[in-house]
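Everything on this sheet refers to the single structure shown next.
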Amino acid sequence: MGKTLFIDFSLLCEEIGKTAKRKEKIKILSDFLLKLDKEEIGPVLTFLLGKISAEKKLGIREGGIIRIIEKISGKRFSDFLAKTGDFGEAVKEIFYEINRDKIKPALTIKEVYEEFIRISEIKGDFSKEEKEKILTDILERANPLEAKYIVKSIIGEMRHGVKEGLLIESLSFILNIDKKEIERSFLISGDIKKVLFEGLTRGKDGIRDIEFKIFNPLFPMLAETANSIEEAISLHKGKVAIEYKLDGIRAQIHKEGEKVIIFSRNLENITDSFPEIVKEIKKIKVESIVVEGEIIGVDREGKPLPFQYLMRRAGRKRDITFSGIPVKIFLFDILFLNGKLLIDLPYCERRRLLEEIGREIQVVEKFEPERLEDAENYFEKAISLGHEGIMVKNISSPYIPGTRGKNWLKIKKINTLDLVIIGAEWGYGRRKNYLSDLYLGIMDDEKRKIMCVGKTFKGLSDEELKNLTGRLLSLKISQKGRTIFVKPEIVVEVIFDEIQKSPVYDSGFALRFARIKGIREDKGKQDINTISDLKNLYKKQSLLKGKYEEIQGSLL
DNA sequence: CTTGACTGCCC
DNA sequence: ATTCTGC
DNA sequence: GCAGAATGGGCAGTCAAG
């Protein structure tokens, strides 16, 4: 079996994308899912969620696809991308222009999926050429609509409003069981394909049989941002525990016997990058355990290194331990112990268990404030020690995997600067008709020149961006591809978390998580902040953090 | 051997 | 990662 | 309030081309 055509999948996506109503999407999706053969469920979900690249590393994305499409068609891809504002839609239009609508759709889901697996397995010299050859062959057999969704599945830009949440609701509709039950299976297994497969092939029992298994990661619990410490504490009537928010890599660590696996926030296996942490975890003398913590870089004195430097260590395959960036882990939760899942226990009890097993390994400090003032002092202490901020946790909260909620609140130190817009890029998808991504400039007070400190698309509403587009176009000086450069006149107040050294921007710096707080109509470019302001802030920030330079010497 | 484009993955 | 938007 | 969409900086690795 396995005869579902790729064109039917493409038509499904088109139909789902047409409506914004969840109920309608669910109805359409459910009908389609019910018609699939067993072996098609996995591949269809992979395509539907646009997760091919995440699941099988293809090594082809936007760049390779543009090359292929241009070779097949002889057209300039950027022209069509500018017109449509959507990568897949651009491919579709190009395929119409070269009369690919004459092709009778015959590709099957199974076949396309198998070709993708082949692509993912090619490595080494000439691999790019070979990978692109296979994808070219598939696209040569595709009609415009098929090509659109083949490409969209690869780059993961589906834009049809279907993610895991909608799949869960669809399955709940099909099986007529509570959405919560399916959601739990998903969060505990971390595997949406498995949930849908079990549900569609075995029904309710299939869902209920899904249990947590060690070495299958579950989704990490997430925190919301609180506006103030006061708000965070009063929300839980003072019954909170505070921890430092360390700026590193979130790690979920599974151990059974001598076997240890470290998973990242996105459930990637990152064990090989951190051998010394594996060693640490092995010291815990229990049969089986799952703990969670933050891996940070530290200097000789144990001060936390800026995140940028930790990243020189993470993801590294060679010289892992000789890279000069020692790392440490600080645990903050325990999810599983000796065969028992602990996520339904309240925070305070999990914390107690963690401290018991954590005698030989570092656990992040916990502080229970009696008054607001204590909490505020603790926040200041966190910042002065070079941390990102604090986490305020409800002491009676269970661990709810994969969910962002108020049981965990994060508070970070933020900064603002007045900057000027010096350029902008046309948006994609829902923002295709206006300039969306803004280039931010700062005054170089020595050279009397404006330099770039990065880009942002966040903070303004779509409506405000729409209004801004006209103004920016009237200030246009030049253009390069999808980017325009403008006379520096519009001043914006920009919030950001941290200043980073930048290898790309001409100011030499970039703002981490920059977002616009508002347009300062009352200010002109003569009022914006200067590079000296920025350098002073950077210096202040660096004083609190660990020193990387010293260590670098011993490395090279 | 070096450089640059691209990809994948941290935040 | 953060922010905005439609349901 | 939730799920989804739009898009940031920057690191190492891989491969192709010079």
Side-chain angles (χ1 to χ4, degrees), chain A residues 19-25 49 53-54 57-67 85 122-131 154-169 183 222-225 246-251 264-268 270 273 294-296 306-320 323 325 388 403-406 410 412 414 425 427-432 436-440 453-465 494-505 509-517:
Chain A
T19 171
K21 296 198 174 69
R22 285 181 78 79
K23 290 253 164 68
E24 277 183 39
K25 287 182 196 280
L49 295 169
S53 257
K57 322 295 174 199
L58 294 191
I60 304 183
R61 287 192 53 142
E62 290 87 340
I65 289 169
I66 291 174
R67 257 196 309 278
I122 302 168
K123 286 185 178 64
D125 284 353
F126 307 108
S127 62
K128 248 182 194 153
E129 203 181 315
E130 268 182 74
K131 283 170 186 280
I154 294 174
I155 64 174
E157 252 180 17
M158 301 311 290
R159 295 194 173 118
H160 53 15
V162 181
K163 287 216 169 163
E164 286 82 353
L166 200 103
L167 285 169
I168 288 167
E169 285 188 52
E183 196 171 34
L222 304 169
E224 265 180 38
T225 301
L246 308 182
D247 190 12
I249 293 170
R250 179 126 181 218
S264 71
R265 187 196 140 106
N266 297 318
L267 314 189
E268 297 283 331
I270 52 170
S273 297
E294 191 82 3
I295 298 171
I296 59 168
F307 182 75
Q308 260 187 306
Y309 299 111
L310 172 63
M311 287 311 289
R312 294 189 187 165
R313 206 8 242 285
R316 188 181 271 259
K317 290 187 181 165
R318 292 184 292 258
D319 295 333
I320 289 169
S323 66
I325 300 167
E388 242 190 322
T403 313
R404 200 179 288 287
K406 296 198 189 303
K410 56 182 161 187
K412 300 204 260 183
I414 50 168
E425 264 170 40
Y428 292 89
R430 72 166 207 249
R431 287 184 170 183
K432 70 175 176 180
S436 165
D437 208 6
L438 309 172
Y439 286 66
L440 304 169
V453 284
K455 293 190 279 184
T456 183
F457 61 95
K458 295 187 286 256
L460 296 177
S461 67
D462 287 12
E463 190 64 29
E464 286 171 304
L465 280 173
V494 176
I495 309 178
F496 59 96
D497 283 21
E498 193 183 50
I499 300 163
Q500 293 173 279
K501 281 237 158 117
S502 171
V504 292
Y505 292 111
F509 295 97
L511 307 179
R512 189 173 179 201
F513 309 136
R515 57 262 194 201
I516 289 175
K517 194 176 174 195

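Letters A, B, ... mirror the listed sequences (proteins, then strands); counts begin at 1.
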Whole angstrom is fine here: how far is it from [atom1] in [X] over to [atom2] in [N]?
X	N	atom1	atom2	result
Phe307(A)	dC9(B)	CZ	P	15 Å
Gln500(A)	dA1(C)	CD	C1'	11 Å
Leu465(A)	dT2(C)	CG	P	19 Å

Just to be sure I understand the rule, does [X] reach a base, reach only the sugar-phosphate, or reach nothing, if contact means heavy atoms closer than 4.0 Å?
X	result
Glu157(A)	nothing
Lys410(A)	sugar-phosphate
Glu130(A)	nothing
Lys412(A)	sugar-phosphate
Arg313(A)	nothing

_Holding to salt bridge (Lys or Arg N to Asp or Glu O under 4.0 Å), I want the full list of residues that pass it with Arg159(A), two or more places apart in sequence or in another chain._
Asp86(A), Glu157(A)
*asked:* Heavy-atom nearest nucleotide on DNA chain D for Glu164(A) versus Gly454(A): which residue maps closer to 5'?
replied: Glu164(A)
*asked:* Using heavy-atom distances to pick each residue's nearest nucleotide on DNA chain D, tell me which of Lys123(A) and Leu511(A) is more 5'.
replied: Leu511(A)
*Will you find, in the side chains of Ser461(A) and Glu464(A), an N or O donor that is under 3.5 Å from an N or O acceptor?*
yes
_Given dC11(B), dG8(B), dT2(C), identify the nucleotide with an atom nearest to the side chain of Arg250(A)._
dC11(B)
*Quick one: is dT7(B) close enough that its OP1 or OP2 comes under 4.0 Å of any side-chain N or O from Arg61(A)?*
no
*Considering just the side-chain nitrogens and oxygens of Arg512(A), establish if one lies under 4.0 Å of OP1 or OP2 belonging to dT2(C).*
no
_Within 45° cone of Phe496(A) ring axis and under 6.0 Å: Arg515(A) NZ or CZ_ = no
*Hey, where on DNA chain D does chain A first and last touch, going 5' to 3'? Cut-off is any atom under 4.0 Å from a heavy atom.*
dA3(D) to dA16(D)
*First locate atom OG1 of Thr456(A), then atom CG of Leu438(A), and finally report the distance between them rounded to the nearest 0.5 Å.*
7.0 Å
*Taking atom CG of Leu465(A) and atom CG of Leu460(A), what is their separation to the nearest 0.5 Å?*
5.0 Å
_Please check: side-chain N/O of Thr19(A) versus main-chain N/O of Glu24(A), any donor-acceptor pairing under 3.5 Å?_
no
*Can you check whether Asp437(A)'s main-chain N or O pairs, donor with acceptor, with Arg431(A)'s side chain at less than 3.5 Å?*
no
Would you list the protein and nucleotides 5-7 of chain C atom pairs, both N or O, that sit under 3.5 Å from each other?
| from | atom 1 | to | atom 2 | distance (Å) |
| --- | --- | --- | --- | --- |
| dT5(C) | OP1 | Asp462(A) | N | 2.9 |

*More than 12 foreign heavy atoms under 6.0 Å from NZ of Lys57(A): is that the case here?*
yes
*Do Gln500(A) and Tyr505(A) have side-chain heavy atoms sitting under 4.5 Å apart?*
no
